[in-house]
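Notes for the one structure printed next.
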There are 2 protein chains.
Amino acid sequence: MSGTHVLDSLLAISRILEADQERELDRRGLTVPRTHLMWVLFHEGPQTQVHLAEQLGVTPRYVTTLVDALDATGLARREPHPTDRRAVLVDLTERGLSMMETMDAEHEQLGASLIDGLDGETVAAAIRALDHVRGRLETLVAEHEHAQKEREEW
Amino acid sequence: MSGTHVLDSLLAISRILEADQERELDRRGLTVPRTHLMWVLFHEGPQTQVHLAEQLGVTPRYVTTLVDALDATGLARREPHPTDRRAVLVDLTERGLSMMETMDAEHEQLGASLIDGLDGETVAAAIRALDHVRGRLETLVAEHEHAQKEREEW
DNA sequence: TATTGTTATACTCTATAACTATA
DNA sequence: TATAGTTATAGAGTATAACAATA
């Protein structure tokens, strides 16, 4: 009963966060996967496309498309890899970097404003519960993946 | 600081829930928006396409595409509207219905299993916090929308 | 021979604009 | 004239398969 309440609240919050994020990105002419790619560059520095594909959980082919789009809009660029002539290093441009800095600040601000008005104990309990839920979910997902592999073997 | 923790936990949980959901749907040959449409039919009964478009927050044109796909896979069907010959009523087939029943049960089970192992007080505090966060988010989104409208007026 | 990235192709998500049939 | 749904078109997300250049 209350478990369903927790799940439904989480799903509702997800939907709102996602919709708000998409609207904010749209306003800047960005899209979710492109921003995600820039986010990785922002936090981990220049990367090869294969590495980006792993980080983002998408195919290398799709990274080509994303980088093409970011390049065309002047947010990222390809540079030659210093030692491997097959590979390129993708990096943020000045404009891409300053955009990520702005978004990073907004992220912090949003986080603070979410718990604004809640007492410390409730926040602490919520953090405990969220961490627990996250752990449970990771276990469940692992089980699902296991079940799927078994299925695929037949 | 802890606000960012809450936000990051929520985002991480969203990502996991979404990825897991997509994998489960994929396994059944479904997609997220098609399932969402079936979910509405399951909970609210047969609907016109215009009404479905409103419920799902998409264009009527896209509902046509979704219903076409569900029809082609035998999960939903179009029926003539009893009084308005322009309109159709979309309804679940037997197979669509039983699929929704299965998913509904799994949803309940997932909810229960998420809080499995947490004491009642923590769960209560988490629910309080989540409801608060949701309210804050709704306020923020409304503010964003307001700001956007102002921008558009110039 | 294995790996990096790209060309070719295809399906799904989603929108806008124009149109048909009916209200 | 307004509304319900569809044809036409298009951009974005995403995948697989085949291929080129380089390791």
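Below, chains carry the letters A, B, ... as their sequence lines are ordered, and counting in each starts from 1. All figures in this text were calculated on a predicted structure; none of them were measured in a lab.
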query: What pairs with B:Thr35 under side chain to side chain contact (heavy atoms under 4.5 Å, CB included), at least two apart in sequence or on another chain?
result: B:Leu25, B:Leu30, B:Met100, B:Met103
query: Taking NE2 from B:His51 and P from D:dT3, how many angstroms apart are they, rounded to a whole number?
result: 16 Å
Inter- and intrachain pairs under salt bridge (charged side-chain N to carboxylate O under 4.0 Å, His left out), touching residues 85-95 of chain A, at least two apart: A:Asp84-A:Arg86
message: Using a 3.5 Å distance criterion without hydrogens, assess whether the side chain of A:Thr93 forms a donor-acceptor pair with backbone atoms of A:Gly96.
response: yes
query: Please give, in whole Å, the distance from D:dG13 C1' to B:Glu18 CD?
result: 13 Å
field: A:Leu37 CG - D:dT14 P separation (whole Å)
entry: 11 Å
Partners passing ring pair (Phe, Tyr, Trp, His ring centres under 6.0 Å) against A:His43 (at least two apart in sequence or in another chain): A:Trp39
- prompt: Taking atom C1' of D:dG13 as reference, at what distance in whole Å does atom CD of A:Glu22 sit?
  reply: 11 Å
query: Which whole-number value in Å describes the distance from B:Leu52 CG to D:dA4 P?
result: 12 Å
- request: Only counting residues at least two apart or in another chain, list the ones meeting side chain to side chain contact (heavy atoms under 4.5 Å, CB included) with B:Ala124.
  value: none
Interatomic distance where CD belongs to A:Gln47 and P belongs to C:dT4 [whole Å]: 13 Å
message: Without decimals, in angstroms, what is the distance between A:Asp68 CG and D:dG13 P?
response: 12 Å
- request: Only counting residues at least two apart or in another chain, list the ones meeting salt bridge (charged side-chain N to carboxylate O under 4.0 Å, His left out) with B:Arg77.
  value: B:Glu79
- line: In B/S/- notation (B base, S sugar-phosphate only, - none; protein heavy atoms under 4.0 Å), nucleotides 13-23 of chain C written 5' to 3' is SBSB----BBS
Qualifying salt bridge (charged side-chain N to carboxylate O under 4.0 Å, His left out) pairs with a residue from residues 23-50 of chain A, counting only residues at least two apart or across chains: A:Asp20-A:Arg23, A:Glu24-A:Arg27, A:Arg28-A:Glu106
query: Counting any heavy atom closer than 4.0 Å, what does A:Val63 reach on the DNA or RNA strands: base, sugar-phosphate only, or nothing?
result: nothing
query: Does a nitrogen or oxygen in the side chain of B:Gln49 sit under 4.0 Å from OP1 or OP2 of D:dT3?
result: no
Let me have the donor-acceptor pairs involving side chains of residues 64-72 of chain A, under 3.5 Å, with sequence neighbours excluded, atom names and distances please.
| residue | atom | partner | partner atom | Å |
| --- | --- | --- | --- | --- |
| A:Thr64 | OG1 | A:Gln49 | NE2 | 3.4 |
| A:Thr65 | OG1 | A:Arg61 | NH1 | 3.0 |
| A:Asp68 | OD1 | A:Arg78 | NH2 | 2.1 |

- request: Ignoring hydrogens and angles, tell me if any N or O in the side chain of B:Arg136 forms a donor-acceptor pair with the backbone of A:Ser113 under 3.5 Å.
  value: yes
message: Tell me the bend of the helix from C:dG5-D:dC19 to C:dA23-D:dT1 as the angle between end helix axes, each from five pairs, rounded to the nearest 10 degrees.
response: 10°
statement: In whole angstroms, the gap separating C1' of D:dA15 from CG of A:Leu56 amounts to 15 Å
